[in-house]
Colleague: 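Would you mind keeping the following structure in view while I ask a few things?
Naming convention: chains lettered A, B, ... in sequence-line order (proteins, then strands); numbering from 1 in each chain.
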Amino acid sequence: MSEQFVEVIVDVPSMQTNQAYTYAVPTELINQVFPGMRVIVPFGNRKILGFTTKIISKRPDVSFDLKNIEEVLDLVPVLNREMLELANWLAKWTFSFKISCLQVMLPAAMRASYNKSIRLISTDVSDEVKALFGQEEELPFDSKTLTPESFKILSKLNRDKKAEVIYQVHDRARSKKVTAITNLLTSAEILIQKDALRTNAVKSAKLLDFLNNLGDKTMILKEAMQKSGLSSAIFSQGEKKGWLKKIKVEKYRDPYRDTKIKKTEPKKLQPAQENAVTEINQAVVEQKNQVFLLQGVTGSGKTEVYLYTIACALKNQRTALMLVPEISLTPQMVRRVKSRFGSNVAVLHSGLSEGEKFDEWRRIERHEATVVVGARSAVFAPLEQIGVIIMDEEHETSYKQEDMPEYNARDVAIKRGQWHNCPVVLGSATPSLESRARAQKGVYEWLRLDQRINGQPLPQVNLVDMRQELKRAPVVDVSTPLLEAIKQRLKKKEQVVLMLNRRGYSSFIMCRECGFVLKCPNCDISLTLHMDSRSMKCHYCGHEEPIPQICPSCHSKKIRYYGTGTEKVQQELQQLLPDTKILRMDVDTTRRKGAHAKLLQRFGNKEAEILLGTQMIAKGLDFPDVTLVGVLNADTSLSLPNFRSAERTFQLLTQVSGRAGRADKLGEVMIQTFNPQHYAIQLAKSQNYEKFFGIEMNMRHKGGYPPYFFTTQIVTSGPNEADVAKKMFEINGQLKQILSKQAVILGPTPKPIMRINNQFYYQLVIKYKSEPYLDEFLENLLLTSQKEAQRKLQLKIDRDPIDFI
DNA sequence: AGCACGCCGACT
DNA sequence: GTCGGCGTGCTC
């Protein structure tokens with residue numbers, strides 16, 4: 001009789017449990033457990049989810065009894081050897097918990113949800129307790145749903161051994177629920193209700209007729225809205241009046257999913273494209289791991305190159321992974337890929353529900369989909385035999401995840417390319433300095449597309465010197481030259497896109513008498529004005545309070561709105577152009593799922609002449625009638641004290657400029673700036689990436705910034721400022737001991753927003769070229785600072801931070 | 001992360 | 001005296 005044991009990474013994200021725990025495999029599960037499966041294991045006095053990483057056939061030499069695995073959740077491993085090794089690497093690389101790295105690779109639906117309930121085991125209890133339980137045998141037991149009093153009583157019962165707590169682990173629900181309606185009225189009642197209506201209650205009457213037709217059937221609300229032509233508000237009214245009930249029903253996968261997309265044929269390639277395709281495809285066929293930087297101006301046909309290489313991978317019985325920023329993952333983009341590769345394509349993006357993501361994941365895992373298109377987390381798609389990995393807009397900062405594990409999808413893509421022996425294509429019109437520098441050094445293969453496909457010229461870019469404008473007129477958001485240009489375009493029935501650069505910017509309230517700024521009581525930042533809810537909100541902790549009418553500091557009435565929001569610009573613009581329809585696109589108007597795509601669609605249908613938005617309009621939109629793009633404030637991202645600010649500004653301006661004048665109409669770009677002489681703005685004007693690269697590299701060299709130096713950021717936080725600062729200076733001292741002379745330490749300094757939710761933040765940045773002991777030191781630092789009974793002190797390490805101010 | 005264990009102050 | 005506050009250490 002053989003025995004089996006298994007190493008498990010448990011679902012407890014902490015440094016102390018960041019290790020494999022060994023469990024015994026019960027007889028009935030022997031030979032059914034393999035590495036990369038999800039299991040439920042007893043841990044302490046509860047049950048939790050874990051991932052098996054290793055099967056051991058010899059009893060480990062330990063002095064304590066091993067516990068048994070409770071349950072195996074998967075029939076086949078959900079993570080293969082590649083993924084398990086990738087997770088290990090990722091944990092080390094990003095200084096993250098192993099469990100977090102394993103979880104991030106799987107759709108959220110495969111995470112566990114935990115439940116506790118409590119059951120009486122003694123009848124010798126007070127009447128109060130009996131009342132609490134009523135007819136129930138078990139009560140849900142958690143401090144959030146129970147009242148504090150009940151929670152106390154039940155806790156005491158547990159302590160007195162009169163009740164036991166039951167721990168449950170659930171695989172998350174996998175089905176999508178949608179709202180449906182059922183009719184609550186009989187035909188007779190409907191008649192009565194109808195008679196009682198006022199004659200002008202047309203909509204209500206229509207609803208009653210509809211309900212009458214529906215009878216006792218259930219219908220999905222969306223469908224009911226379509227069939228009846230009534231809005232959701234009318235149905236909600238009906239619910240309030242007690243005519244109908246809204247219920248949640250399970251929605252099945254849309255069976256029509258791929259039917260509407262027509263198959264398209266590859267387009268003819270330009271010589272430069274042809275060359276790029278040849279180079280990449282050779283690597284695909286030869287299964288050669290090589291990183292390509294595909295640098296191509298907007299409109300040079302990078303996407304077509306991607307599609308050719310994907311086709312090549314498929315032809316060689318291999319799969320393909322294509323990563324795009326979330327924001328450019330538009331329906332048009334998806335359609336373009338699907339129309340070429342049909343149902344082989346799986347799409348992973350944040351607009352999908354948990355269940356839909358799970359469905360797509362399963363399709364990939366079962367090899368039903370061989371091409372994956374998706375945003376950041378799609379880099380972990382369970383593809384096997386990958387033939388090519390593509391990352392479009394490789395410079396995008398959204399490829400870096402902001403919470404644990406703070407991975408950069410670019411690093412992961414390159415890592416996976418090594419495993420699969422396949423080429424990795426990084427594409428961009430404005431590559432990150434890091435990638436461009438590597439291409440220069442020959443680390444990456446450099447491919448260029450310098451011509452636009454239709455040979456059309458790049459749009460004319462004009463600068464508006466706002467300093468001059470300011471001399472002529474009081475501060476306005478839209479200058480006279482820009483307004484004139486807008487009017488001209490509108491006369492020609494063409495469309496206009498206006499971008500408000502809002503990075504690091506918000507609208508706050510300031511007193512014009514004493515300069516008082518309303519700040520969050522918990523955090524160190526000014527509250528942001530929200531016109532929709534008529535309140536002041538903190539973007540960090542969610543604190544909300546009414547808009548002040550009188551200055552709390554000097555009691556003046558001259559406390560008001562300061563700064564520029566899209567809303568304010570829209571109002572201003574609407575006054576200047578009263579007969580023009582303006583669509584506004586910002587965080588507020590796109591919060592709801594799908595709202596983003598809908599707004600773009602409306603603009604595409606020419607329901608509005610002007611589209612006004614923030615950064616998000618810079619990408620992925622391609623409207624033939626847009627001939628003018630205006631940037632209202634190019635400087636806000638430029639003035640941030642951040643070593644990447646010039647790069648960001650240049651990228652942003654170049655990108656929006658690409659939105660003007662596609663197809664047959666010549667485009668024009670107008671950039672309003674207070675710094676018209678700045679190289680980032682000048683070179684964006686001339687669309688000269690190469691020159692920008694040269695100058696910016698020089699700046700980075702002088703400042704000792706990436707790509708000349710690596711950077712790693714350490715952030716500590718805690719409720720007591722002195723403790724946080726002390727810890728940081730301690731780390732600083734230790735670092736000085738182990739670092740070479742070449743390395744530079746910036747800080748420690750308090751973070752610019754020092755207090756968030758009553759936590760103080762201090763940071764330190766290490767700039768270095770090669771430090772053999774640094775990783776080990778940092779790993780140790782994490783381990784010790786957790787064990788040192790300093791749990792109030794949080795420590796975070798971010799390798800290659802996107803920015804630090 | 002939870003949870004138990006254990007050491008202190010403030011109540012029936 | 002006991003209840004319950006939180007600091008500390010452990011979970012195969």
Colleague: Taking 4.0 angstrom as the limit, do A/Lys400 and A/Asp798 come out as a salt bridge?
Modeller: yes
Colleague: Which is it for A/Asp11 and A/Arg111 under the salt bridge (charged side-chain N to carboxylate O under 4.0 Å, His left out) test, yes or no, and what are the steps along the way?
Modeller: CA-CA 9 Å; A/Asp11 182 13; A/Arg111 286 182 206 173; over 6 Å; no
Colleague: Assign A/Phe64 to base, sugar-phosphate, or nothing according to its heavy-atom contacts below 4.0 angstrom with the strands shown.
Modeller: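 Base, at least one base heavy atom under 4.0 Å.
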Colleague: Between B/dC3 and A/Tyr167, is there an OP1 or OP2 to side-chain N/O distance shorter than 4.0 Å?
Modeller: yes
Colleague: Write down the distance between CG (A/Leu793) and P (C/dT8), rounded to a whole number of angstrom.
Modeller: 13 Å
Colleague: How close or far is atom P of B/dA1 from atom OH of A/Tyr21, stated in whole angstroms?
Modeller: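 My rounded result for the distance is 14 Å.
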Colleague: Aromatic rings A/Phe43 and A/Tyr21: how do their planes relate, parallel, tilted or perpendicular, breaks at 30° and 60°?
Modeller: perpendicular
Colleague: Grab the OH-C1' distance between A/Tyr114 and C/dT11 for me, whole Å please.
Modeller: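 Going from OH in A/Tyr114 over to C1' in C/dT11 covers 14 Å.
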Colleague: Listed by chain and number, what are the side-chain hydrogen bond (donor to acceptor under 3.5 Å, both in side chains) partners of A/Asn80, not counting sequence neighbours?
Modeller: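 Partners of A/Asn80 under the side-chain hydrogen bond (donor to acceptor under 3.5 Å, both in side chains) test: none.
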Colleague: Under the rule for side-chain hydrogen bond (donor to acceptor under 3.5 Å, both in side chains), what residues qualify as partners of A/Lys92, not counting sequence neighbours?
Modeller: none
Colleague: Please report the distance, rounded to the nearest Å, between CG in A/Asn720 and C1' in C/dG7.
Modeller: 16 Å
Colleague: Can you list, pair by pair, the side-chain donor-acceptor contacts under 3.5 Å of residues 402-409 of chain A, counting residues two or more places apart and other chains?
Modeller:
unit_1   : atom_1 : unit_2   : atom_2 : d
A/Asn408 : OD1    : A/Arg410 : N      : 3.0

Colleague: Using the side-chain hydrogen bond (donor to acceptor under 3.5 Å, both in side chains) criterion, which residues pair with A/Asp65? Sequence neighbours excluded.
Modeller: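 Applying side-chain hydrogen bond (donor to acceptor under 3.5 Å, both in side chains) to A/Asp65 gives none.
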Colleague: Looking only at side-chain N and O atoms, does A/Asn45 come under 4.0 Å of OP1 or OP2 in B/dG2?
Modeller: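 No, because none of the side-chain N or O atoms of A/Asn45 sits under 4.0 Å from OP1 or OP2 of B/dG2.
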Colleague: Taking both distances under 3.5 Å as the test for a Watson-Crick or G-U pair, what stems of at least three pairs does DNA chain B have?
Modeller: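 DNA chain B forms these stems: B:1-11 with C:1-11.
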Colleague: What nucleic acid atoms does A/Phe43 come within less than 4.0 Å of, heavy atoms only: base, sugar-phosphate, or nothing?
Modeller: base
Colleague: Using whole Å, what does the distance between atom P of nucleotide B/dA1 and atom CZ of A/Arg46 come to?
Modeller: 10 Å
Colleague: In whole Å, I'd like the distance from the CD atom of A/Gln16 to the P atom of C/dC12.
Modeller: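 Atom CD in A/Gln16 sits about 15 Å away from atom P in C/dC12.
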Colleague: Give A/Lys116 one of three labels, base, sugar-phosphate or nothing, depending on what nucleic acid heavy atoms sit under 4.0 Å from its own.
Modeller: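 It contacts sugar-phosphate atoms only.
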Colleague: Could you check whether any side-chain heavy atom of A/Asn68 comes within less than 4.5 Å of a side-chain heavy atom of A/Tyr23, counting everything from C-beta outward?
Modeller: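 The answer is no; the side chains never approach within 4.5 Å.
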Colleague: At under 4.0 Å between heavy atoms, what does A/Phe97 touch on the DNA or RNA strands: base, sugar-phosphate, or nothing?
Modeller: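 Counting heavy atoms under 4.0 Å across all strands, no contact is made by A/Phe97.
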Colleague: Could you state the atom-to-atom distance from CG of A/Asn115 to P of B/dG2 in whole Å?
Modeller: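 Checked: the CG to P distance equals 13 Å.
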Colleague: What is the distance, to the nearest angstrom, from the CD1 atom on A/Ile9 to the P atom on C/dT11?
Modeller: 16 Å
Colleague: Contacts to DNA chain C from residues 52-61 of chain A, heavy-atom cutoff under 4.0 Å, which residues?
Modeller: none
Colleague: Does A/Lys116 NZ have over 12 foreign heavy atoms under 6.0 Å away?
Modeller: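 Result for NZ/A/Lys116: enclosed.
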